[in-house]
Novice: 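Just passing along the structure, written as structure tokens.
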Amino acid sequence: MKRHLHHPLLPLAVLLIVSAITMIRLDRPLIRGDGTAYLAWVDTLVRDRDVDLANQFERFRPVNTYQIAWDDERQRYVNIFPFGVAFLQAPFYAVGDVLAGAGWPDANPDYFLQMQGVRQAYSLALMAGANLMALAAIGLGWWMARRLAGDWSAALVAWGIFVGTPLLYYSTVSPLNSHNPGAFLMACIAALLVVLTGAFRQADEPPTGAGAVGLWIALGAAAGLMVLVRWQLLLVAACAWGLLAWERRWRGLAIATLAAAIVLLPLPLIWNEMFGKPFVVPYDETTGDSFLRLPVNAHRVLFRTVHYSPVLALSLLGIPFLWRLDRRWALLAVAAIGAQVLVNGSTRDWYGGDSFGARRMAELYPFYVILAAALLGRLPRGRALRERRAIWPVIGRVALAGLIVYSIVFLFVFFVFSWTNPRGVFADSPQSMWSYYLDHPYRRAVIDSLLQTHLGPPAWSEPGP
């Protein structure tokens, strides 16, 4: 028994089980809002196998408000949202199509057709896909973090950053979006970079031969898919390519670039079919206005990121510790985060519209984990932790645990506010939502009701909007 308790993979197993339970309890198989635009893409590519959205406009008429629009100039329906998520969710949607054809599961078909345009089986399959991608990102985050901290510390960091950022919400309550697959692909890229550069452990030699070629191809394919999922993440890929150029890995860089270019081919082909031009910014093309401006709101994006997810303060504090361990990776992490702060601060809706926290910064999950692990890994453990002089390590670990607890409670504060506030707004500042929650006379009853009617298995047959 003792031998099993010290198995090196036990922390990973516990992490994945706890993460899966966390997600299942909050899962909601209902596609709403921006998710309808992504649903239209996956529906047309899997069921119709074309980019003509006429069928999708009819199918999603009950819930379509802005996602699928008629373009008078081109005389066709257009969708300005990126389509890359459809490639990742296609296998799950295909499974949902088979299940729907078999009539199981098919609870309340009229309700689901009215509320999301397709039957329950489809959204259940998409929800499962989002859960699996989140689990993969968490597992890869742990694998990278354990190089910087102990196995159990890495597990705590990987889970804590997941539940402490909008990634949890956009992997469960709102399962079809670009943030969940974006974080998954970024975790794949970060893990591949760790292997291919031998990062954090000098004894590890980067792979060579045919195996290395396969990894370089995988790196390029993941980067290409990541850009198809969220075009803003092109800047993160550029930062990764900068690291490889700095290390003069020219052969691998060439292979990865070729693979990425091949994976990106659907971008000009689909945009040319839909907009008559291979390279466009769909929002600009359909509105005549510019989606991007100067990054005048970059500081607001950074403040919002930490304000709604204070656990990320530990990641920012980890920057100097990662710098001492590996300056190139510290620069990569800072550049990736900084690039996203700048690009998101330049968008028209820098706050992300109706969103929980800084959702567009959630894809940076693997870099947050690496930085926090660098901080935690430099704090003494074991015998050193029990010495009197180890007061700061104790404070650090208590702070991490406290921030995780706060994040979980704050999520339910948001739930109560979002679903019951009389103004009907989706979210507000943390202070406003906390004030509303603390003043609510029946907050515990509201949470119990939400867990029965909106979230988790009890609500899967008819989840509230």
Side-chain angles (χ1 to χ4, degrees), residues 34 37-38 79-85 137 161 165-167 170 177-190 193 222-245 257 260 263-264 267-268 271 279-309 312 315-316 319 329-371:
D34 289 356
Y38 299 114
N79 185 345
I80 67 172
F81 285 74
F83 52 81
V85 62
I161 298 294
T165 59
L167 187 56
Y170 290 101
N177 52 76
S178 58
H179 312 298
N180 166 269
F184 162 66
L185 289 168
M186 197 176 297
C188 292
I189 291 171
L193 284 174
L225 275 173
M226 185 176 70
V227 175
L228 291 180
V229 166
R230 283 193 67 75
W231 61 265
Q232 296 98 323
L233 300 182
L234 173 64
L235 295 180
V236 177
C239 293
W241 260 232
L243 171 67
L244 297 173
T257 302
V263 172
L264 283 169
L267 183 66
W271 277 174
F279 300 103
V280 298
V281 178
Y283 179 91
D284 298 2
E285 194 70 16
T286 56
T287 65
D289 200 357
S290 177
F291 186 68
L292 287 178
R293 301 176 177 181
L294 293 175
V296 295
N297 291 306
H299 63 291
R300 292 187 173 92
V301 171
L302 181 60
F303 176 76
R304 183 181 180 86
T305 300
V306 181
H307 195 197
Y308 281 82
S309 304
L312 295 183
S315 297
L316 298 181
I319 292 173
W329 268 81
L331 288 174
L332 172 62
V334 171
I337 295 173
Q340 290 306 291
V341 167
L342 289 173
V343 72
N344 289 317
S346 68
T347 59
R348 292 175 61 87
D349 58 338
W350 61 268
Y351 48 87
D354 287 340
S355 67
F356 173 60
R359 60 185 175 91
R360 292 173 180 162
M361 297 293 290
E363 300 92 0
L364 293 162
Y365 169 78
F367 290 106
Y368 297 146
V369 170
I370 289 172
L371 288 170

Novice: Identify the two heavy atoms, one from Val229 and one from Pro181, that lie closest to each other, and give their separation to 0.1 Å.
Specialist: CG1-CG, 3.9 Å
Novice: Under 4.0 Å between a Lys/Arg side-chain N and an Asp/Glu carboxylate O for Asp349 and Arg360?
Specialist: yes
Novice: Can you tell me how far apart CG (Leu225) and CZ (Phe184) are? Round to the nearest 0.5 Å.
Specialist: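 If we round to the nearest 0.5 Å, Leu225:CG and Phe184:CZ are 9.0 Å apart.
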Novice: Quick check: does any side chain N or O of Asn177 sit under 3.5 Å from a backbone N or O of Asn180, one acting as donor and the other as acceptor?
Specialist: yes
Novice: If I compare all heavy atoms of Thr347 with all of Val343, which pair ends up nearest, and what's the gap?
Specialist: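 It is CG2-O, 3.4 Å.
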Novice: Can you label the angle between the Phe367 ring and the Trp329 ring as parallel, tilted or perpendicular, going by 30° and 60°?
Specialist: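 Tilted: the ring planes of Phe367 and Trp329 meet at 30° to 60°.
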Novice: For residues Ser315 and Ile161, report the shortest heavy-atom separation together with the two atoms involved.
Specialist: OG-CD1, 3.9 Å
Novice: Start with the C-alpha distance between Trp271 and Val280, add both sets of side-chain angles, then the distance that settles side-chain contact (heavy atoms from CB on, under 4.5 Å), and finish with yes or no.
Specialist: CA-CA 7 Å; Trp271 277 174; Val280 298; 3.9 Å; yes
Novice: Donor-acceptor check, side chain of His179 to backbone of Arg359, threshold 3.5 angstrom: yes or no?
Specialist: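 Yes; at least one donor-acceptor contact below 3.5 Å.
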Novice: For Phe291, does its backbone N or O pair with a side-chain atom of Asp284 as donor and acceptor, under 3.5 Å?
Specialist: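 Indeed, once roles are kept as given, a pair shorter than 3.5 Å links the two residues.
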Novice: Taking the cut-offs as 6.0 angstrom to the six-membered ring centre and 45 degrees off its axis, would you call Arg304 and Tyr308 a cation-pi pair?
Specialist: yes
Novice: Can you find a pair of side-chain heavy atoms, one from Ser178 and one from Phe81, that are under 4.5 Å apart?
Specialist: no
Novice: Report the C-alpha distance between Leu233 and Val227 in whole Å, list the side-chain angles of each, state the deciding distance to 0.1 Å, and finish with yes or no for side-chain contact (heavy atoms from CB on, under 4.5 Å).
Specialist: CA-CA 6 Å; Leu233 300 182; Val227 175; 5.6 Å; no
Novice: Which heavy atom of Ala298 sits nearest to which heavy atom of Leu342, and what is that distance?
Specialist: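 Looking at all heavy atoms of both residues, the shortest contact is CB-CD2, 4.0 Å.
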Novice: Met186 and Tyr365: side-chain contact (heavy atoms from CB on, under 4.5 Å), yes or no, with the steps?
Specialist: CA-CA 8 Å; Met186 197 176 297; Tyr365 169 78; over 6 Å; no
Novice: Any heavy-atom pair between the side chains of Leu316 and Leu371 that's under 4.5 Å?
Specialist: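 Answer no - side chains too far apart.
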Novice: Run the side-chain contact (heavy atoms from CB on, under 4.5 Å) check on Ile337 and Tyr368 step by step: do they pass?
Specialist: CA-CA 9 Å; Ile337 295 173; Tyr368 297 146; 4.0 Å; yes
Novice: Between the side chain of Gln340 and the main-chain N/O of Leu235, is any donor-acceptor distance below 3.5 Å?
Specialist: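 No; zero donor-acceptor contacts below 3.5 Å.
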Novice: Is the shortest heavy-atom distance from the side chain of Pro166 to the side chain of Ser309 under 4.5 Å?
Specialist: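 Yes - at least one pair of side-chain heavy atoms lies under 4.5 Å apart.
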Novice: So which heavy atom on Arg293 is nearest to which on Asp289, and how close?
Specialist: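 Reported closest heavy-atom pair: NH2-OD2, 4.4 Å.
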Novice: Less than 4.5 Å apart, side chain to side chain, heavy atoms only: is that true for Val236 and Leu364?
Specialist: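 Yes, side chains in contact.
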Novice: Are side-chain heavy atoms of Leu193 and Leu244 found at a separation under 4.5 Å?
Specialist: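 Contact flag for Leu193/Leu244 side chains = yes.
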Novice: Are side-chain heavy atoms of Phe356 and Tyr170 found at a separation under 4.5 Å?
Specialist: yes
Novice: Just do the side chain to side chain donor-acceptor pair (under 3.5 Å) check on Arg348 and Tyr283 with the steps written out, would you?
Specialist: CA-CA 11 Å; Arg348 292 175 61 87; Tyr283 179 91; 3.2 Å; yes
Novice: By the definition side chain to side chain contact (heavy atoms under 4.5 Å, CB included), identify the one residue from Ile80, Asn79, Thr287 that meets it with Pro282.
Specialist: Ile80
Novice: Looking only at heavy atoms, what is the nearest atom pair of Ala223 and Ala237, with distance?
Specialist: CB-CB, 4.4 Å
